[in-house]
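Shown next, in structure tokens, is the structure this report addresses.
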Amino acid sequence: MVARSLLAAGVASLLLASPLFVSPVLASTAAPSSQTQGVPPPQERIAATTATYNAIEAKIAAGQSLRLRFPDPTASEDIIDYGLQDLWKKAIDGAGVTVAYVVTNPDPGLAASMASYDTAMDLPAADITDMALPAPSDPSAVCQIECSTGEDRLDAEAIHSMAPFAKILFVHPPVPETIGMQGWPEVAQAIKMIADQHLADIITVSLGDGESDFIDDPTNPTAAQQAAIHSLDPAFLDAAAHSVPVTFASGDCGPTDPTVLNDTGQCTPTIGVTAGHPADNPWVTAVGGTIPNAGLATPAGRTAPDALWTAPNDHSDAESAGVSTIYPQPSWQQNIPALRGVTGRAFPDISMDASDGTSQASPTFAGILALATQLHGGDLGTVNPDLAVLGPRGAAAGIVDVPAGYTDTAYGVTGFATANGYDIASGWGTIYAPDFVPALVDQVNRESDLPSLAARVALDKLQSDITASARTVASGNSITITGNGYIPGRSPNGTTIEDGFGVFPPLPGQYGVTSGPYADPASTVPGQTWDDVTATLTALGKGSAGQPLTVNGPDGNGAVTITIDTTAMAAGPYQVTITGRVLTQTITFIVTSGS
């Protein structure tokens with residue numbers, strides 16, 4: 001049995017802690033996820049979901065195709081494919097569970113859209129709370145570059161179709177995610193807020209970039225890239241420490257760079273094979289894509305194994321898979337035969353319906369986790385180690401293999417191939433919910449809270465990554481405090497990180513951009529503030545700590561430095577606290593009398 005606490009040593013060096021990122025209207029708009037007021041009784045819910053299933057059977061009997069594309073109803077095929085009726089008729093339908101989705105492109109028409117969807121699908125009305133985070137200083141920043149109304153609707157439909165009585169919480173950070181670090185500080189802060197306040201039992205996100213997008217300094221790409229990517233780790237560790245699973249879409253560009261460049265293209269094949277982030281993070285569950293083969297002519301279920309979502313031609317999207325160059329292979333992947341010789345974290349972990357892209361697959365799996373959370377009676381925690389145990393059991397644990405013969409090759413970049421059992425292209429395959437949900441709950445029960453404890457250890461280590469030039473200093477001398485791991489603000493060679501692009505000047509040939517706003521060193525996207533780091537000095541004894549502190553950084557490697565002149569400070573112990581968006585570090589030192 002693979003213990004949930006077994007995590008890669010390199011990954012366990014991550015961590016967190018920070019102040020809450022709270023909307024002023026939070027208390028009145030978002031109830032704790034454990035609240036079950038207003039949930040219909042089991043028999044009433046069973047009647048509602050039975051009506052949904054009967055409507056699907058009627059469509060099948062009438063010869064109607066269940067494979068309809070977004071924004072048309074997409075759930076019928078998935079309900080059949082994943083065998084949800086066997087759980088629904090036991091009132092395992094997401095009741096009492098909240099699924100949060102973090103999206104940077106809000107849709108003001110979501111409520112009306114979902115009402116129409118529920119009517120078309122004969123689903124009970126969705127219970128959705130839409131929570132906007134504090135507005136940016138420049139409101140024009142929202143949706144200025146890449147924004148659409150489709151993402152909200154697709155995710156709401158996917159979650160609601162799997163767990164029709166789960167609550168859905170949409171959280172909208174104020175800055176759009178586009179390229180590189182643009183928007184990610186706000187997304188990370190939102191994830192931490194949801195976990196800290198336990199606003200949801202599961203979090204799903206369908207955003208992502210390539211690891212190569214986070215290289216912000218061409219003179220030192222490795223250090224700068226790792227600093228930028230690892231600066232987001234605290235949010236994912238915080239969710240894991242609170243036992244809140246986080247799912248991410250693996251991406252839609254096959255093995256190449258999953259980057260939104262403009263309205264006409266998402267992928268950058270000139271980059272070559274590039275792992276996606278944050279799908280590469282071992283603390284999140286990366287969800288790849290399949291195309292269901294549900295009972296289109298019979299309600300009996302799958303007519304054939306689900307296929308991998310592949311590119312129909314050389315310039316089409318396909319589900320993303322890869323091996324991280326940033327995160328080492330976690331221990332729960334080290335005994336997988338297909339990964340022998342692989343040194344990085346491989347993803348996806350599991351695959352679900354991606355008829356509308358992996359932005360559909362991730363919330364679909366989050367909806368399945370809502371069913372498991374309800375059956376478990378509590379949060380599941382990170383499920384990746386559980387999948388590593390369940391995967392080899394195959395169908396007995398509700399794991400359905402994606403057969404050999406597919407690849408996620410796309411845009412001329414050779415991808416990864418499916419094989420019998422685990423493969424990098426599809427992870428463990430897909431699922432059959434009536435067997436998968438109880439098997440997952442049983443495995444979670446066996447491992448208790450080990451993953452949350454492991455995450456807490458990693459968080460504590462990251463939080464303690466702060467040093468002082470001296471822990472005891474004589475009055476009149478200076479002391480320097482250095483904190484590490486914050487979201488980088490400037491690259492080491494002094495070039496300013498350009499919002500939405502990377503650096504100016506760009507790397508040679510990077511994305512082929514030679515003109516326009518991102519080629520202008522004075523041009524940035526309004527609203528992006530990177531890491532708002534502050535520091536406070538507190539007297540722990542009888543002394544006074546009235547002087548303000550000057551914060552230098554974060555630099556391109558996420559380091560913050562503070563120099564304190566102790567001349568006016570009375571003898572005694574003092575505490576310095578450095579607070580960023582998702583990371584807080586604290587250190588104490590003592591001032592003594594004399595020189």
Side-chain angles (χ1 to χ4, degrees), residues 1-8 11-12 82 87 92 97 99 162-163 195 201-204 236-237 239-248 250 279 281-288 327 329-339 345-352 361-362 364-401 421-423 426-458:
M1 181 168 58
V2 179
R4 290 163 62 99
S5 60
L6 295 180
L7 302 163
V11 177
Y82 303 129
L87 293 172
I92 302 173
V97 178
V99 180
M162 298 297 98
D201 304 283
I202 303 110
I203 300 171
T204 179
F236 306 128
L237 281 166
H242 285 86
S243 296
V244 177
V246 180
T247 71
F248 264 86
S250 71
N281 189 301
W283 292 94
V284 309
T285 299
V287 186
Y327 296 98
Q329 186 181 75
S331 60
W332 37 267
Q333 288 190 334
Q334 290 174 4
N335 293 323
I336 299 175
L339 295 179
R345 188 277 207 257
F347 67 93
D349 301 294
I350 200 77
S351 295
M352 303 293 286
S362 180
T364 297
F365 189 64
I368 296 296
L369 293 184
L371 305 180
T373 300
Q374 179 191 3
L375 182 62
H376 177 53
D379 292 333
L380 301 171
T382 181
V383 299
N384 293 349
D386 302 309
L387 295 176
V389 174
L390 299 179
R393 299 177 187 171
I399 300 293
V400 180
D401 194 25
Y422 179 92
D423 54 69
S426 68
W428 290 108
T430 189
I431 62 102
Y432 184 66
D435 297 325
F436 175 77
V437 167
L440 177 61
V441 170
D442 179 66
Q443 184 59 32
V444 169
N445 288 336
R446 291 172 184 272
E447 300 299 346
S448 186
D449 59 352
L450 290 178
S452 64
L453 294 175
R456 175 54 59 188
V457 170

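Throughout, residue positions are numbered sequentially from 1 according to the sequence presented.
Listed here is the closest heavy atom pair of A370 and A163: CB-CB, 3.9 Å. Summarising the geometry of L339 relative to A346, their closest heavy-atom pair is CD2-CB, 3.8 Å, with the distance given to 0.1 Å. Summarising the geometry of A455 relative to A240, their closest heavy-atom pair is CB-CB, 3.6 Å, with the distance given to 0.1 Å. The heavy-atom pair separating V99 from A366 by the smallest distance is CG1-CB, 4.0 Å. Nearest heavy-atom pair, I368 versus A433, reported as atom, atom and distance to 0.1 Å: CD1-CB, 4.2 Å. Contact between R456 and A241 at its shortest, heavy atoms only, is NH2-CB, 3.7 Å.
Atom CG of residue L450 and atom OG1 of residue T382 lie 12.5 Å apart, to the nearest 0.5 angstrom. S250 OG to M352 CE: the interatomic distance, rounded to the nearest 0.5 Å, is 13.0 Å. One distance of note links CZ of F436 with CD of Q443; it measures 11.0 Å at 0.5 Å rounding. Atoms CD and CZ, from Q333 and F347 in turn, are 10.5 Å apart once rounded to the nearest 0.5 Å. Atom OG1 in T373 sits 3.5 Å away from atom CD1 in I202 (nearest 0.5 Å). One distance of note links CG of L371 with CG of L440; it measures 10.5 Å at 0.5 Å rounding.
D201 places none of its side-chain heavy atoms less than 4.5 Å from the side chain of L369. Two residues are said to be in side-chain contact when any heavy atoms from C-beta on lie closer than 4.5 Å; N281 and F248 fail this criterion. With contacts defined as side-chain heavy-atom distances shorter than 4.5 Å, the pair W283/L237 qualifies. A heavy-atom distance below 4.5 Å is found between the side chains of D386 and E447.
For V441, the side chain to side chain contact (heavy atoms under 4.5 Å, CB included) test picks out A372, L375, H376, N445, with sequence neighbours left out. Qualifying salt bridge (charged side-chain N to carboxylate O under 4.0 Å, His left out) partners for D423, counting only residues two or more places apart in sequence or in other chains: none. Shown here are the side-chain hydrogen bond (donor to acceptor under 3.5 Å, both in side chains) partners of T247, two or more places apart in sequence or in another chain: T204, S362.
Here the side chain of D349 pairs a donor or acceptor atom with the backbone of A286 at under 3.5 angstrom. Looking only at distances, a side-chain donor or acceptor of N384 sits under 3.5 Å from a matching main-chain atom of P282. Side chain of T430 to main chain of S351: a donor-acceptor pair is present (N/O by atom type, distance under 3.5 Å, no hydrogens or angles).
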Next item on the list: Please assess W428 against I336 for the test side-chain contact (heavy atoms from CB on, under 4.5 Å), listing each intermediate value before the final yes or no.
Entry: CA-CA 10 Å; W428 290 108; I336 299 175; 3.6 Å; yes

